[in-house]
Amino acid sequence: MSAGTNDAILVQILAQLNALQVSQQTLQAKLDALTLTTPLSPVRDGRQEAPLTSPTSPNLLLSPSALLSRAHLASSIPSMNTPPDHATTDKEREKALYPGRVLLTTYPDQHGIKPFPLQWGVSDPAVRGPVICSRLPSSIKQRNALGAHSGSYSIYRALAIAMGTLDPSHKPDYSNTEPPVPIPPQPAWYDPTKIVSFDPWGHLVPQVFKKEIEELGLDVRPSIAVTKAHIKLSEIDESAKRGEITIDGRVVLPTRPLKNPDGTESDAHPGVEIAASKAAVEPVWYLPGVAERFGISESLLRRALFEDTGGMYPELVTRPDIKVFLPPIGNLTVYIFGPPEHMADETKELTVRVHDECNGSDVFGSDICTCKPYLVFAIEECIRCAQRGGVGVVVYFRKEGRALGEVTKYLVYNLRKRGGDSADKYFKSTELIAGVKDMRFQALMPDVLHWLGIKKIDNMVSMSDMKYNAIVQSGIPILKRYDIPEHLIPPDSRVEIDAKIAAGYFTSGKQITEADLFKTVGRTWEETEH
Ligand SMILES: Nc1nc2c(ncn2[C@@H]2O[C@H](COP(=O)(O)OP(=O)(O)OP(=O)(O)O)[C@@H](O)[C@H]2O)c(=O)[nH]1
Ligand SMILES: [Zn+2]
């Protein structure tokens, strides 16, 4: 056979393969359309039910909930978990949970797809519409948002469903869960450009979208919750002992006397409790608004989100008609000290700190950075402001390690400690590992301030130029900034502070030049060990 004949055969094979691929794609599209147009088989509690028989009595029909609970029982008693039975049960449960074919993606023009109207930034919630991202049969056709609720915790929900500990169609009863303090609508809620990273109606969902939930049976969930708390921090106990924080019976309350190990009352200073209101806010991104904030096109944003989440959300690409995405990232928490209604009242003094998570310092007290001392100082400043008749706000973002993550952060710590931990190398070390020194991109951060009705900030407890610029550019003036007091800077974290000042962070004290940075050196591991 000549080389020419070989080539011709090869071309023919390739053409046939291509044709096969095309017809496979057509078939897939037809199947997709079929799934969404075929009336669903009987629906129980909002979940499609497939008839299944019992492995022991083939004539006995099992409902998905019976299967769920059987499997739950088996998995909760390990000795009952013999592999062959378990495998059969899992297969059956998988069929019961997901009776249809795997629906990899959807398309806007697919039969049966009819997203519930959602107009971001419209003032009337009935016109704005609820955010629906559920893939439950009751909601999948009317879904108007991509992704999943609860940010990264959506994965644990998936696990709970797979293990049979959670019925996916569980319908929460939201009575008595409403906010104990009001966070009422503000003009910024009605501006589609002011709040783009979460749903301003998130805490009012059960009330404002009652009809959609109860009458239309749609799976609409709250993405914000507001509550009250009493917080106790040993650092603030110490400040109270020193008389730097006063008990006013309103913001700062006395703690009940401590007990000795033998149960008798201790005469040690019991410390104080701080009364606060707080809100947990989950991310809900309005993609056109997020893209605009970062100055990129919506299509580029969608493509990058699709690619760099391991192709996890194909509808980012196939459903340009769906404008809202619930990303798998951490939430933010707002702590309010003093009357929440003062936040929107421009006549009241307001102190704010926006803090990004640093678990090593915030929770475990690591002294390599100033995060915890700065956070505690900010809470004290908020308390003082509330006691002067104003209000204090701390916003805590889950953006660990400047949003590079804790693994990257620890790798950089190793590099710094092995390479001579001088301030000139602080940001360079991070860049060497992560490729960038910061991925927090503060542009979305001011949304929460607008949601709270904040129009100006009297006292901003932060040295960050990035936070400052983002807030001021979003239309909220900052009247006074102040840095962390010298005595609160642990010696080893001088490296961080000096590097930040040289990089443009605010300081009311000493200025740092590039040349100074060589002289600021942190502790080495060897020093720690001796
Ligand atoms: N990657 C990395 N992150 C760090 C390092 N040190 C601190 N961080 C992180 O930096 C962030 C500090 O956030 P904030 O406490 O809000 O401080 P800031 O934005 O730098 O500025 P201020 O408002 O002035 O405190 C947290 O997310 C920390 O986890 C480090 O060496 N490497
Ligand atoms: Zn830190």
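Just so we're clear, the structure is a prediction, and the values are computed from it rather than from any experiment. Start at 1 and go down the list; that is how both ligands and their atoms are numbered. All heavy atoms count here, side chains included; hydrogens, waters and symmetry mates do not.
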Please tabulate, one pair per line, all N/O donor-acceptor pairs under 3.5 Å involving side-chain atoms of residues 148-155, not counting sequence neighbours.
unit_1 : atom_1 : unit_2 : atom_2 : d
Ser154 : OG     : Gly151 : O      : 2.9

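Within the structure, the side chain to side chain donor-acceptor pair (under 3.5 Å) test picks out no pair touching residues 462-473 (sequence neighbours left out).
In this structure a side-chain-to-backbone donor-acceptor pair under 3.5 Å is present from Ser239 to Glu235. Panel note: side chain Ser134, backbone Asp219; no donor-acceptor pair is recorded below 3.5 Å. Remark: the backbone N or O of Pro320 is paired with a side-chain donor or acceptor of Lys323 at under 3.5 angstrom.
The aromatic rings of Trp189 and His203 sit perpendicular, their planes meeting at an angle over 60°, well past the 30° parallel limit. Note on ring orientation: taking the six-membered ring where Trp is involved, the planes of Trp451 and Phe198 are perpendicular (angle over 60°, cut-offs 30° and 60°).
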Can you produce the list of protein nitrogen or oxygen atoms under 3.5 Å from a nitrogen or oxygen of ligand 1, alongside each distance?
unit_1   : atom_1 : unit_2 : atom_2 : d
ligand 1 : 1 (N)  : Gly401 : O      : 3.2
ligand 1 : 6 (N)  : Tyr426 : OH     : 3.3
ligand 1 : 13 (O) : Arg440 : NH1    : 3.2
ligand 1 : 15 (O) : Arg353 : NH2    : 3.0
ligand 1 : 16 (O) : Asp356 : N      : 2.9
ligand 1 : 16 (O) : Lys467 : NZ     : 2.6
ligand 1 : 19 (O) : Arg440 : NH1    : 2.5
ligand 1 : 19 (O) : Arg440 : NH2    : 3.3
ligand 1 : 19 (O) : Lys467 : NZ     : 3.1
ligand 1 : 20 (O) : Lys500 : NZ     : 2.7
ligand 1 : 20 (O) : Tyr505 : OH     : 2.9
ligand 1 : 23 (O) : Arg353 : NH1    : 2.9
ligand 1 : 23 (O) : Ser462 : OG     : 2.6
ligand 1 : 23 (O) : Lys467 : NZ     : 2.7
ligand 1 : 24 (O) : Met463 : N      : 2.7
ligand 1 : 24 (O) : Ser464 : N      : 3.2
ligand 1 : 25 (O) : Arg353 : NH1    : 3.4
ligand 1 : 25 (O) : Arg353 : NH2    : 2.9
ligand 1 : 27 (O) : Glu357 : O      : 2.8
ligand 1 : 27 (O) : Lys399 : O      : 3.1
ligand 1 : 27 (O) : Gly401 : N      : 3.3
ligand 1 : 27 (O) : Arg402 : N      : 3.1
ligand 1 : 29 (O) : Glu357 : O      : 3.0
ligand 1 : 29 (O) : Glu400 : OE2    : 3.4
ligand 1 : 29 (O) : Gly401 : N      : 3.0
ligand 1 : 29 (O) : Lys409 : NZ     : 3.0
ligand 1 : 31 (O) : Arg416 : NH1    : 3.2

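In this structure, Arg416 is not positioned above the aromatic face of Tyr426 in the sense of NZ or CZ being under 6.0 Å from the six-membered ring centre and within 45° of the axis.
Neighbouring protein atoms of the Zn ion (ligand 2) (N, O or S, distance under 2.8 Å, waters ignored): Cys358 SG, Cys369 SG, Cys371 SG.
Side-chain contact of His450 with Asp191: a donor-acceptor pair under 3.5 Å is absent, judged by distance alone.
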